[in-house]
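The sequence lines fix the lettering, A, B, ..., with proteins before strands; numbering per chain opens at 1.
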Amino acid sequence: MIDVLIGLAPVLVAAVAVFRWYALKQIVVCLACCLLAEAIFSAMRRRAMSLGDFSAAVTGMILAFSLPPSAPWYVGAVGSFAAIGLGKCAFGGLGQNIFNPAMVGRAFVMICFASAMGASAYVIPGASLDVVTQATPLTAAKSAGGAGPDWSMLWPLFVGNVNGSVGETSALACLLGGLYLCFRRAAKWEIPLAMLATVATVAGLGDWLGPRHPLSVLHHLTGGAVMLGAFFIATDPVSSPLTSGGRWFFGAGVGALVMLMRAYSGYPEGVMFSVLLMNALTPLINRATIPRPLGGSHRAIPSQTTNGAP
Amino acid sequence: MTSILGWLCRGKGFSGGLHPPGRKSLAADASIKVLPGPAVVSVPLLQHLGAPCEPLVQPRQEVAWGQMIGRGTGTISAPVHSPLNGVAGVASVTTLPNGRHVGTIPITAAGAQIGGEALWEALLGGDWPDDGFDRYQPEEILSLIGQAGVVGMGGAAFPTHVKLTPVPGRPVDVLIVNGCECEPYLTADYRLMIEAPRAILAGAQLAGRAAGVERIIVAVEDDKPVAIESMRQAARARKVEFAVLEMRYPQGGERQLLPAVLGRTVPAGGLPTDVGAVVINVGTAGAVAAAVLRRRPLTHRVVTVSGTGIVKPANLLVPIGTPYGDLVTYCGGARDSAVRVVAGGPMTGFAIGDLSVPLTKGTAGLIVLGGVEVSRPRETPCIRCGRCVDVCPMNLVPTKIALAARVADWEQAGKYHMAACIECGCCAYACPAGIPLAHLIRMGKAQAPKET
């Protein structure tokens, strides 16, 4: 888990650089509340204090990164308690949860505080920080119609100097941290690769078949929470499949659902729902992708006749 | 193809596996010494699966070195012989490291003993022929091996004459001599390849003749150049091929060895003979040569005594039935840092709590581990990181099997192919949560209701 925190460091730097105190506020609130929630729930369950495994810190960071910079403090606080309590402890603690805890927390506050989480909440008119006075790129694209891609947007999308959720805007930072995770094997590389490839393929097909859309393949890859989701949210080992084949399917599923929601849902974005939906499928995917043992599936024999290594 | 690294480093043969620190240098340069005669040995009457031997001696009866003291009773069984000149005692019972309760025949040394250099010369030393094996008929070889009680000395201790007997309809064309000693610390096979290569090769040729094979391949890992050179020298006048394999644990497992050497995969639940191959360990080959050419039954074996917890690591030629405690004493005793004694290798062996337990034919090592070597993180919940899946050489999902076995959910464990586990220990070694996966699976395999 410590590796995940290290991997999140570039995202943290980018978030603070882009959103300044807005980002700091969300991160401090979520981190503090997640740790507090973990401590309280561990005590209630009479378990050993589990703050040392850093999983609550990771949940707090990811939850903060997925919130709008403008969200009031209580949104992060309620989200944190929902993430740790409903998302994790209710299932039996670390390793037992079906859904990604941070995304459970975010889904909870999205329903509780719809106005603080909706597309319009991202815009803070008259703020001294320029970046939060404009609509998020994906929201802008939804209303742009058939104007064609705005290539000048690509660089800001890549480095992150656009409006959006606290930690999602910089594709560069997510890539850096994400590659570190994959290299350290704290995240499985199949999931981000499958997810990004699916997003690119669907976006490419849309470009090729459909009318001129303001978002090109590259806009889709660098915009919104795709990068953050691919490397840090979908790769949560607890709620993603165990086998290589399962992870390819899982990543591709998240990518396809993201594109489906971007194209047809009322929301500008759908990484959270996509991940939660695929999390729900994970037990099924695991069951369907039990690997074939070396030498095929087993005939009935007394188990001792298999030879151990000398 | 389960991780970038695994994929890039993917060698010939099996997927998964790992590179635990070998720690072979502790004993690799210690040439094989003959353990000075123990005062008492207890020869177990069952050292492998199958039926226990029927004792042939009465209490207080005098026995001679090499005399059969227990006769095999089933098809899968091998007789046991007295490793000493002495007097038999009252049959007793011991608990072997693997948890089995088996009968033993104690023998107290009496009278003159052959020992030291003379014993080595009698069993494995001296000269061994390059050819002239044609004068032994396959049936004769098999019968001599069977009477000598030769079993697989790599660990499983499967009776060798049963393994080599041709089965109608399942022709065998290759005999592989397994010199892949992939377990950390163990150097018994390594030393044997350096000090008795001609015995090994003569035994391999005899075994090959018995099994009716066309090719004999010696398989050794690439981290043992001295052993490879020694074997190549001894093989110059013989029709023997060599396969130098990548060092990766568990390369020496039959199911991992065959894909690497021949590109053949043993079907689950099957044996190497199903794909036309038979595999024997180098120690077994040496025992075959001694049994056929010198009519010496299997009464001694080479054992590595190593680990940071032992004062003087060594490779010893030891009578079967010697209490483990004698080995520790001979090697200078245990250091203060010693915390655990393991019979076998550290990956697949069994920790033992009683040093009076006797050595069996299948035990290649006695490892005395120091505190640093056994430290393990406190067990934390499985977060399904999948490392165990990455390293499993059988392509299983160890965490699912182990956690199902822990709660006796045999249906779930069966769905994930528990029976295919070879108990190599890679999963437990790799688990960052400190879950004793291999232990849980091994227990599960022992406790699960048998399929019929």
Could you tabulate the donor-acceptor pairs under 3.5 Å formed by side-chain atoms of residues 151-160 of chain B, not counting sequence neighbours?
residue, atom, partner, partner atom, Å
Thr160(B), OG1, Val150(B), O, 3.4

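Few gaps surround OH on Tyr180(A); more than 12 heavy atoms of other groups in view lie less than 6.0 Å from it. Heavy atoms from other residues, nucleotides or ligands lying under 6.0 Å from CD of Gln447(B) number more than 12. Counted within 6.0 Å of CZ on Phe249(A), heavy atoms from surrounding residues, nucleotides or ligands total 12 or fewer; the atom is thus considered open.
Nearest heavy-atom pair across Pro293(A) and Ala420(B) is CB-CB, 4.1 Å. Scanning all heavy atoms of the two residues, the minimum distance from Arg184(A) to Arg387(B) falls at O-NH2, 3.8 Å.
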* Kindly indicate, with the supporting measurements, whether the criterion side-chain contact (heavy atoms from CB on, under 4.5 Å) is fulfilled by Thr380(B) and Asp53(A). => CA-CA 9 Å; Thr380(B) 54; Asp53(A) 63 23; over 6 Å; no

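Contacts between Asn286(A) and chain B at a heavy-atom distance below 4.5 Å involve backbone atoms as well as side-chain atoms. Residue Pro432(B) does not touch chain A at all, counting heavy-atom pairs closer than 4.5 Å. Using a 4.5 Å cut-off between heavy atoms, Ala187(A) does not touch chain B at all.
Rounding to the nearest 0.5 Å places CD1 of Ile383(B) at 10.5 Å from CG of Asn97(A). Rounding to the nearest 0.5 Å gives a distance of 9.5 Å between CZ of Arg292(A) and NE2 of His417(B).
Between Thr399(B) and Leu242(A), the closest side-chain pair of non-hydrogen atoms falls below 4.5 Å. Taking the side chain as every heavy atom from C-beta outward, Asp390(B) and Arg185(A) approach each other to under 4.5 Å.
Side-chain atoms of Arg384(B) never come within 3.5 Å of backbone atoms of Ser239(A) as a donor-acceptor pair (strictly under, hydrogens ignored). Between the side chain of Asn395(B) and the main chain of Leu294(A), no donor-acceptor pair closer than 3.5 Å is present. Using modelled atom types, no side-chain atom of Arg255(B) and backbone atom of Gly295(A) make a donor-acceptor pair closer than 3.5 Å.
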